[in-house]
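Down below is the structure, laid out as structure tokens.
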2 protein chains.
Amino acid sequence: MTVSRALNRPELVSEATRLKVQRAVLETGYVPNRVAGALASSRSRLVALLVPTVAHSLFAEVTQTIMAALAPQGYQVMLGLVGYTPEQEEKILETVLSRRPDGIVLTGCRHSELARRRLLAAEVPLVEIWDMTDEPLDMLVGFSHEAVGEAVGRHLVELGRRRIGVISADDSRARRRVAGLAAVLHATPDASMTVREVGTPSSMPWGREKSAELLDNEAVDAIVCSSDILAMGVLAEAQSRGVDVPGALAIMGFGDSSYAKATFPALSTVRIDGATLGRRAAEHLLARMAQPHFQRVEQTLDLGFEIVDRGTT
Amino acid sequence: MTVSRALNRPELVSEATRLKVQRAVLETGYVPNRVAGALASSRSRLVALLVPTVAHSLFAEVTQTIMAALAPQGYQVMLGLVGYTPEQEEKILETVLSRRPDGIVLTGCRHSELARRRLLAAEVPLVEIWDMTDEPLDMLVGFSHEAVGEAVGRHLVELGRRRIGVISADDSRARRRVAGLAAVLHATPDASMTVREVGTPSSMPWGREKSAELLDNEAVDAIVCSSDILAMGVLAEAQSRGVDVPGALAIMGFGDSSYAKATFPALSTVRIDGATLGRRAAEHLLARMAQPHFQRVEQTLDLGFEIVDRGTT
DNA sequence: GGCTCGAATGATTGCGCTATCATTGCGGAA
DNA sequence: TTCCGCAATGATAGCGCAATCATTCGAGCC
């Protein structure tokens with residue numbers, strides 16, 4: 001018991017024993033077994049982080065910032081890649097919960113009924129990120145995808161664009177952005193919209209391929225993409241054809257990834273502050289995990305977004 | 001005990017009890033506690049994956065494939081972001097080992113002496129990836145960075161380039177690629193080389209900024225980058241200045257990220273097959289974790305690389 | 001000296017599982 | 001009928017730690 005104290009709460013132990021323990025640890029190469037510690041104290045010091053993928057700069061950034069914020073407090077991250085389907089999330093959730101994490105970060109708010117029940121039953125501090133809803137499971141830090149789509153639609157209409165091409169990943173959040181865009185365009189006289197869906201993960205080649213189709217068949221004057229990387233592909237395709245950007249074709253990305261400002265011309269996009277989102281989510285979670293007893297709070301933080309006009313609109 | 005069996009080794013239990021247990025699990029919402037299971041069986045079903053960052057498409061891809069290969073076998077991944085310094089690796093290693101992972105994947109082969117000792121003492125199956133050495137800790141799946149640098153050097157010299165600019169991240173593996181390149185150029189009459197280092201993570205804006213410096217001051221006829229994303233920045237900078245690529249300036253990236261083939265002109269680069277690397281690493285680890293007793297093997301697999309000539313050389 | 005008090009240390013228990021060995025039950029051979 | 005052998009089930013212990021309560025010790029006081 002004294003050794004345990006010397007390692008975990010050294011202030012409760014005399015200088016002399018603390019040193020003695022330290023020396024013994026060094027000599028024997030003792031490595032504490034936190035599995036046993038977790039079982040005994042019912043604190044795993046593990047946070048489950050569920051994201052669709054890390055092969056997408058937006059989620060990679062969020063993952064990076066959340067882990068960076070959690071590490072100094074002694075929390076390890078257990079990563080779960082849930083893709084874009086509720087079934088996959090459900091499956092991973094089960095194995096994740098069986099590790100008794102002290103906290104959970106979930107991407108998105110649309111979970112299966114079973115998943116919701118399990119999460120609620122787990123009585124673990126929980127942050128949903130990257131989305132918005134009126135009925136959060138616990139805490140929520142994100143933004144509204146519908147609002148993004150609507151804002152992009154209004155913006156393009158203001159800029160005089162009417163024949164809008166859309167290249168969107170086949171994931172539900174991207175689809176809701178497209179729906180928001182469609183709603184605005186539908187209410188605009190003369191406006192039209194053509195959607196091309198691509199698989200996940202989004203990639204630059206997809207952007208080139210689908211924009212080639214749009215350019216060949218649809219006489220679009222703007223292409224909206226569900227991610228910056230797709231928009232890069234559109235830009236490359238336009239350049240390869242000598243299409244004037246933004247004169248003949250406007251391009252909008254999504255995410256404001258680090259490269260958006262460095263393309264030529266610089267990419268117009270929707271800025272999502274992934275670093276702040278990740279940091280806030282981590283802060284909320286840490287605050288809750290520090291409290292002795294679990295209690296749901298239903299706390300919502302809408303971080304919003306910003307349309308960034310650069311050189312492609 | 002019968003419940004434990006019904007859940008973990010159902011073939012040892014009669015149909016009737018299996019169903020009875022199943023129903024009880026459903027009714028009570030029982031979620032097994034794998035922390036306790038791990039303690040009792042000394043099998044955590046956890047694999048530690050240590051990468052410098054996930055905010056880099058190459059490591060994101062490797063992370064993604066390793067996790068995808070491990071998940072079906074019931075292994076969860078504990079992610080550790082070690083950056084590019086041995087100190088950070090050492091620190092994270094301690095907390096990682098205290099969770100008693102069943103296996104470890106490490107990026108790189110250059111560890112501190114303390115880290116080596118700890119890893120060896122842990123007696124855990126281990127794969128080093130993304131590098132090459134004569135003294136692997138256990139298993140190794142990777143490629144030689146020096147060889148990459150040399151190959152790039154020879155290739156550019158063959159193509160007639162002599163004034164080589166280099167934009168390299170300040171990480172040790174990138175530096176070893178630069179060293180290989182330098183060795184070749186040093187042995188080539190008339191060849192010269194200028195290096196600009198950038199911080200991590202590499203990004204497109206860094207590529208633009210440093211290539212602008214090189215173009216302004218050094219009259220280079222080729223720029224070699226330590227990653228594709230930097231090369232994209234160089235390409236954008238060249239386009240913004242109307243510099244003819246590859247006529248006046250050749251550009252080489254590194255990694256063959258998914259976007260390299262989609263730029264205009266398409267990016268010449270060094271292909272590293274991250275998917276195969278990740279898959280092989282996971283396979284080796286799984287095979288070893290399936291064995292009852294630990295024994296070091298010092299098994300090395302050099303996956304090599306390939307120079308891909310596209311439109312920028 | 002005897003007493004109190006607080007700091008430091010120690011003994012015991014149990015976290016929820018699985019390894020191991022023991023027991024039960026049942027069909028078929030002797 | 002008895003006995004064996006196997007499948008199924010059960011009882012027990014222990015994994016390595018931390019929570020909890022008990023004990024010891026020494027300083028300071030009367």
Side-chain angles (χ1 to χ4, degrees), chain A residues 1-25 27-46 73-76 78 94-102 118 121-124 289-294, chain B residues 1-25 27-46 73-76 78 94-102 118 121-124 289-294:
Chain A
M1 199 52 234
T2 298
V3 172
S4 174
R5 263 192 293 257
L7 295 174
N8 298 318
R9 316 201 41 196
E11 74 277 9
L12 293 180
V13 146
S14 78
E15 176 79 5
T17 34
R18 206 166 49 69
L19 290 174
K20 222 154 68 179
V21 169
Q22 246 172 38
R23 219 187 41 222
V25 165
E27 277 174 15
T28 58
Y30 170 76
V31 178
N33 184 330
R34 286 193 210 285
V35 176
L39 182 62
S41 66
S42 15
R43 297 200 54 200
S44 61
R45 300 218 142 249
L46 223 49
Q73 311 300 317
Y75 286 97
Q76 199 83 15
M78 191 167 47
E94 175 161 14
T95 84
V96 154
L97 287 177
S98 72
R99 306 259 180 209
R100 300 294 190 268
D102 289 344
R118 281 201 176 136
E123 307 229 309
V124 156
M289 294 190 300
Q291 291 174 6
H293 296 298
F294 173 79
Chain B
M1 197 52 234
T2 297
V3 172
S4 174
R5 263 192 293 256
L7 295 174
N8 298 318
R9 314 201 41 196
E11 73 279 10
L12 294 181
V13 147
S14 77
E15 177 78 5
T17 34
R18 207 166 49 68
L19 290 174
K20 220 154 71 179
V21 169
Q22 245 172 37
R23 219 187 41 222
V25 164
E27 276 174 16
T28 59
Y30 169 76
V31 179
N33 185 330
R34 287 194 210 286
V35 176
L39 182 62
S41 65
S42 12
R43 298 200 55 201
S44 61
R45 300 216 143 249
L46 225 48
Q73 312 300 318
Y75 287 97
Q76 199 85 14
M78 192 167 48
E94 177 162 12
T95 83
V96 154
L97 287 178
S98 71
R99 305 257 180 210
R100 301 294 191 268
D102 290 344
R118 280 200 176 136
E123 306 226 309
V124 157
M289 292 190 300
Q291 291 173 7
H293 295 297
F294 173 79

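To find a chain, count down the sequence lines: A is the first, B the second, and so on, and within it residues start at 1. Small disclaimer: the values here were computed from a predicted structure and weren't measured.
Across all strands, B:Val13 comes closer than 4.0 Å only to sugar-phosphate atoms, never to a base (heavy-atom distances). Residue contacts for A:Arg5: at a heavy-atom cut-off of 4.0 Å it reaches a base atom on one of the strands shown. Contact annotation for B:Ser14: backbone-only contact, meaning every heavy-atom pair under 4.0 Å involves sugar-phosphate atoms and none involves a base. Contacts of B:Thr17 with the nucleic acid, taken as non-hydrogen atoms under 4.0 Å apart, involve only primed sugar atoms and P, OP1 or OP2.
Rounded to an integer number of Å, the gap from CG of B:Leu12 to P of C:dC21 is 16 Å. We find that CG of A:Asp102 is positioned 18 Å from P of C:dC15, with the value rounded to whole Å. Atom pair A:Arg99:CZ and C:dC15:P shows a separation of 21 Å (rounding to whole Å applied). As a whole-Å value, the separation of B:Asn8 CG from C:dG16 P is 17 Å. Rounded to whole Å, the distance from CZ on B:Arg34 to P on C:dT18 is 9 Å.
Using a 4.5 Å heavy-atom threshold, the side chains of B:Val13 and B:Val21 count as separate. Between A:Leu39 and A:Arg100, the closest side-chain pair of non-hydrogen atoms is not below 4.5 Å.
Residues B:Asp102 and B:Arg45 come closest through the heavy atom pair OD2-N, 2.6 Å. In terms of heavy-atom proximity, B:Ala38 sits nearest to B:Ser44 at CB-CA, 3.7 Å.
Of the two residues near DNA chain D, B:Met1 and B:Ala40, the one whose nearest nucleotide lies more 5' is B:Met1. Residue B:Thr2 is the one, among B:Leu39 and B:Thr2, whose nearest nucleotide of DNA chain D lies closer to the 5' end (criterion: closest heavy atom).
Put simply, the side chain of B:Arg18 never gets that close to the backbone of B:Glu11: no donor and acceptor are under 3.5 Å apart. Looking only at distances, no side-chain donor or acceptor of B:Arg9 sits under 3.5 Å from a matching main-chain atom of B:Ser4.
Reading DNA chain D from its 5' end, the first and the last nucleotide to sit under 4.0 Å from a heavy atom of chain A are D:dG16 to D:dT20.
Rounded to the nearest 0.5 Å, atoms CZ (A:Arg99) and CG (B:Leu46) are 4.5 Å apart.
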